[in-house]
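The structure appears right after this line, and notes come after that.
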Amino acid sequence: MASKQTKAPSSTQELLNNCRLLAGLSLAELAKQTHSTLPVSPVHAKGWVGQQAEKFLGASAGSKAEPDFPNLGIELKTLPLNANGQPQESTYVCHIQLMGLNQQTWQQAWVNKKLQRVLWLPYEASKNIEYGKRKIGHAILWQPSPSQARQLQQDWEEIMEKLCMGEQQQLSAHHGQFLQVRPKAANSKALTKAYDEQGKLCQTLPLGFYLRPDFTREILKNSYLHQ
DNA sequence: TTATGATCATCG
DNA sequence: CGATGATCATAA
């Protein structure tokens with residue numbers, strides 16, 4: 001008998017236990033659990049599953065730049081799976097502060113801190129399945145392996161080299177093997193402050209860090225091997 | 001506006 | 001048909 005969870009978990013074990021209550025639920029059932037309405041169209045509810053998962057699991061609400069479970073240092077990410085059970089989209093990690101990125105090390109980088117411990121919550125996102133009938137899977141608590149951490153740092157350094165030179169205009173999603181940079185804004189006309197190549201203040205398209213699907217596919221694959 | 005939660009939709 | 005660039009919703 002599952003019931004609505006809204007209290008922040010005080011331990012990792014409690015969080016994982018709560019995740020077991022979610023496993024196997026359809027999105028329609030999730031809506032009931034969180035006393036929410038199932039969106040009619042996912043087109044206008046892009047972050048809905050993630051937000052309901054936060055609500056159910058007691059993640060700290062809002063848009064604060066801190067982990068979803070601050071006391072546990074755990075970040076929650078939903079992982080949309082295609083008909084073959086593979087991640088079908090990239091994963092947004094965080095916004096990039098173009099104004100405060102000089103002399104940052106990988107250890108200090110917000111994108112790195114966010115990826116220290118991630119609770120992945122896979123769910124069926126195939127459009128072959130009616131939205132309300134798509135089911136949630138078993139959560140995976142993940143930490144980057146030494147190899148993964150190395151790969152991420154390598155991508156980050158390549159990207160930061162350009163960002164710190166004010167070359168954000170020349171950056172595209174083509175850079176980085178696993179970690180990439182893409183626009184993160186309401187639309188293509190949105191602007192945020194940055195420095196240009198001459199070090200002058202300028203306005204530019206806001207960017208965010210994303211993980212390519214290949215990276216999350218590997219996480220999912222490894223989790224099966226360890227079950 | 002800056003953050004969070006992401007997926008959409010077009011193009012190569 | 002996968003990836004890139006664009007877009008949608010919400011909070012503070």
Phosphate OP1/OP2 of C/dT10 contacted by A/Lys46 side-chain N/O (<4.0 Å): no
B/dA9 phosphate, OP1 or OP2, under 4.0 Å from A/Lys127 side-chain N/O: no
Phosphate contact (B/dA6 OP1 or OP2) by A/Lys77 side-chain N/O below 4.0 Å: yes
A/Arg182 side-chain N/O to C/dA3 phosphate OP1/OP2 under 4.0 Å: no
Touch class at under 4.0 angstrom, heavy-atom based, for A/Ser172 against every strand present: sugar-phosphate
Atom-pair distance (CD on A/Glu89; P on C/dT4), nearest Å: 12 Å
Rounded distance (Å) that lies between atom P of C/dC1 and atom CG of A/Asn128: 13 Å
Sugar-phosphate, base or nothing in reach of A/Gly47, heavy atoms under 4.0 Å: base
Upstream residue (5' side of DNA chain C) when A/Asn187 and A/His174 are each assigned their closest nucleotide: A/His174
Phosphate OP1/OP2 of B/dT7: any A/Tyr92 side-chain N/O under 4.0 Å: no
Spacing of A/Lys55 atom NZ relative to B/dA6 atom C1', expressed in whole Å: 18 Å
Donor-acceptor pair, side chain of A/Arg212 and main chain of A/Gly176, under 3.5 angstrom: yes
Interatomic distance where OH belongs to A/Tyr210 and C1' belongs to B/dG5 [whole Å]: 11 Å
Protein-nucleotide distance (A/Phe69, atom CZ; B/dT4, atom C1'), rounded to Å: 14 Å
Over 12 foreign heavy atoms within 6.0 Å of CD, A/Glu161: no
Touch class at under 4.0 angstrom, heavy-atom based, for A/Pro206 against every strand present: nothing
CD on A/Glu89 to NZ on A/Lys46, rounded to 0.5 Å: 9.5 Å
Geometric cation-pi criterion, A/Lys184 with A/Tyr92: 6.0 Å, 45°: yes
Residue whose closest nucleotide on DNA chain B lies nearer the 5' end, A/Cys94 versus A/Arg134: A/Cys94
Touch class at under 4.0 angstrom, heavy-atom based, for A/Tyr131 against every strand present: nothing
Protein-nucleotide distance (A/His44, atom NE2; B/dC8, atom P), rounded to Å: 11 Å
C/dT4 phosphate, OP1 or OP2, under 4.0 Å from A/Gln180 side-chain N/O: yes
Phosphate-side-chain proximity, A/Thr78 and B/dA6, N/O vs OP1/OP2 below 4.0 Å: yes
A/Gln86 CD - C/dA3 P separation (whole Å): 12 Å
Mutual orientation of the aromatic rings belonging to A/Trp142 and A/Phe215 [parallel < 30°, tilted 30-60°, perpendicular > 60°]: perpendicular
Out of B/dT2, B/dT7, C/dT7, whichever nucleotide has its closest atom nearest the side chain of A/Tyr123: B/dT7
Side-chain N,O (A/Ser188) to OP1/OP2 (C/dG5) below 4.0 Å: no
Sugar-phosphate, base or nothing in reach of A/Ala185, heavy atoms under 4.0 Å: base
Approximate separation, where rounding is to 0.5 Å, of A/Gln52 CD and A/Leu38 CG: 9.5 Å
Minimum-distance nucleotide to A/Lys184 side chain [options: B/dA6, B/dC8, C/dA3]: B/dA6
Distance in angstrom units between A/Gln97 CD and B/dT4 P, rounded: 9 Å
Presence of A/Trp110 side-chain N/O under 4.0 Å of B/dT2 phosphate oxygens OP1/OP2: no
